[in-house]
Visitor: 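Here you go, one structure.
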Amino acid sequence: MIIEIIRWVFNLIQYYEYAIVIYILMSWLPGARESGLGRFLGKIVEPYLSMFRFIPPIAMIDFSPIVAIIALNFARNGLFHLVNLFL
């Protein structure tokens, strides 16, 4: 039972990373973020990305989503090692 819950959490984190990538790629398409999917992804992703908006853009490129994805990977790997430690 616990293994299934942990697997579900890992899958959820993976899908969240996909959502971040899709949301960022939508910024390249004019009007894509104003679509239904763009607004839905914005509601899901923007609260997490706003924690990393303190990073200033460098040469007009916003690196905060990259840092956010890296932080999410660190959290997932840390959770993985904690689970392996106790199971």
Side-chain angles (χ1 to χ4, degrees):
M1 179 69 178
I2 292 176
I3 299 295
E4 291 298 320
I5 293 172
I6 293 169
R7 184 176 295 147
W8 185 79
V9 169
F10 284 140
N11 286 337
L12 189 65
I13 291 171
Q14 186 68 44
Y15 293 140
Y16 195 73
E17 287 180 7
Y18 292 152
I20 291 173
V21 170
I22 291 169
Y23 184 70
I24 298 307
L25 291 178
M26 288 178 91
S27 69
W28 294 354
L29 304 172
R33 284 189 174 177
E34 286 77 30
S35 68
L37 178 64
R39 286 191 305 257
F40 173 72
L41 288 177
K43 288 179 184 175
I44 294 173
V45 170
E46 273 299 328
Y48 178 67
L49 289 180
S50 67
M51 294 189 308
F52 298 93
R53 295 282 186 217
F54 67 90
I55 301 169
I58 300 171
M60 302 293 288
I61 298 174
D62 186 12
F63 288 100
S64 60
I66 296 169
V67 175
I69 289 173
I70 290 171
L72 201 57
N73 279 325
F74 276 131
R76 183 179 60 197
N77 289 339
L79 181 64
F80 177 76
H81 288 294
L82 280 176
V83 168
N84 281 339
L85 189 66
F86 291 111
L87 293 181

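Numbers here simply count residues along the sequence, with the first being 1. Please read these numbers as outputs of a predicted model, since none were measured by experiment.
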Visitor: Mind checking the CG-CZ spacing from L41 to R39? Nearest 0.5 Å is all I need.
Guide: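 Going from CG on L41 over to CZ on R39, the span is 11.5 Å.
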Visitor: Applying a strict under-4.5 Å side-chain criterion to I, L, V, M, F, W and Y, I'd like to know whether I13 and W8 cluster together.
Guide: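 Looking at the clustering, W8 is in the same group as I13.
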Visitor: Look up atom NE2 in H81 and atom CZ in R76, then write down how far apart they are to the nearest 0.5 Å.
Guide: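 Here the interatomic distance stands at 11.0 Å.
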Visitor: Would you say Y18 ends up clustered with F40 if hydrophobic residues are merged whenever their side chains have heavy atoms under 4.5 Å apart, either directly or through other cluster members?
Guide: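 No; tracing contacts between hydrophobic side chains, which count when under 4.5 Å, never links both residues.
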Visitor: With sequence neighbours excluded, tell me which residues meet ring pair (Phe, Tyr, Trp, His ring centres under 6.0 Å) with F52.
Guide: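 Checked F52 against ring pair (Phe, Tyr, Trp, His ring centres under 6.0 Å); matches are Y48.
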Visitor: Could you check M1 against I5 for side chain to side chain contact (heavy atoms under 4.5 Å, CB included), going step by step and ending with a plain yes or no?
Guide: CA-CA 6 Å; M1 179 69 178; I5 293 172; 4.2 Å; yes
Visitor: Quick check: do I69 and V21 have side-chain heavy atoms less than 4.5 Å from each other?
Guide: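 Side chain of I69 against side chain of V21, heavy atoms only: contact under 4.5 Å found.
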Visitor: To check you understand the geometry: which heavy-atom pair defines the closest contact between A32 and M26, and what is its length?
Guide: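 Closest heavy-atom pair between A32 and M26: O-CE, 3.1 Å.
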Visitor: State the CG-CZ distance between L79 and F74, to the nearest 0.5 angstrom.
Guide: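 The CG atom of L79 sits 15.0 Å away from the CZ atom of F74.
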Visitor: With hydrophobic residues grouped by side-chain heavy-atom distances under 4.5 Å, do I22 and V67 end up in a single group?
Guide: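 Linked within one cluster.
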Visitor: About how many Å separate CG of L25 and CD1 of I20, when rounded to the nearest 0.5 Å?
Guide: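 Going from the CD1 atom of I20 to the CG atom of L25 covers 12.0 Å.
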Visitor: Is there a side-chain contact between L12 and Y16, using heavy atoms and a 4.5 Å cut-off?
Guide: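 Side chain of L12 against side chain of Y16, heavy atoms only: no contact under 4.5 Å found.
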Visitor: Does any part of the side chain of Y23, heavy atoms only, come nearer than 4.5 Å to the side chain of I44, both counted from C-beta?
Guide: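 Heavy-atom side-chain distance check fails, nothing below 4.5 Å.
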Visitor: Quick one: are I3 and R7 in side-chain contact, heavy atoms under 4.5 Å?
Guide: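 Contact flag for I3/R7 side chains = yes.
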Visitor: Looking at CG of D62 and CD1 of I24, how far apart are the two atoms once the value is rounded to the nearest 0.5 Å?
Guide: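 D62 CG to I24 CD1: 7.0 Å, rounded to 0.5 Å.
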Visitor: Quick check on the hydrophobic clustering: are L72 and I66 connected, directly or via other members, by side-chain heavy-atom contacts under 4.5 Å?
Guide: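 L72 and I66: separate clusters.
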Visitor: Within a radius of less than 6.0 Å around CZ of F10, do more than 12 heavy atoms belonging to other residues, nucleotides or ligands occur?
Guide: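 Above 12, so yes.
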Visitor: With E34, which residues qualify under salt bridge (Lys or Arg N to Asp or Glu O under 4.0 Å), at least two apart?
Guide: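 Here no residue qualifies.
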Visitor: For I2, does the CD1 atom have more than 12 heavy-atom neighbours from other residues, nucleotides or ligands under 6.0 Å away?
Guide: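 No.
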Visitor: Do you reckon M51 sits in the same ILVMFWY cluster as I55, going by side-chain contacts under 4.5 Å, direct or chained?
Guide: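 Hydrophobic grouping puts M51 with I55.
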Visitor: Any idea which heavy atoms bring P47 and S50 closest together, and the distance?
Guide: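 Smallest interatomic distance, heavy atoms only, reads O-OG, 2.8 Å.
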Visitor: Please check if the number of heavy atoms outside F63 that lie under 6.0 Å from its CZ is greater than 12.
Guide: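 Atom CZ in F63 is crowded, with more than 12 foreign heavy atoms closer than 6.0 Å.
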Visitor: For a quick test of reading the model, state the closest non-hydrogen atom pair linking S64 to R53 and the distance between them.
Guide: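 In this case the closest contact between S64 and R53 is OG-NH1, 3.2 Å.
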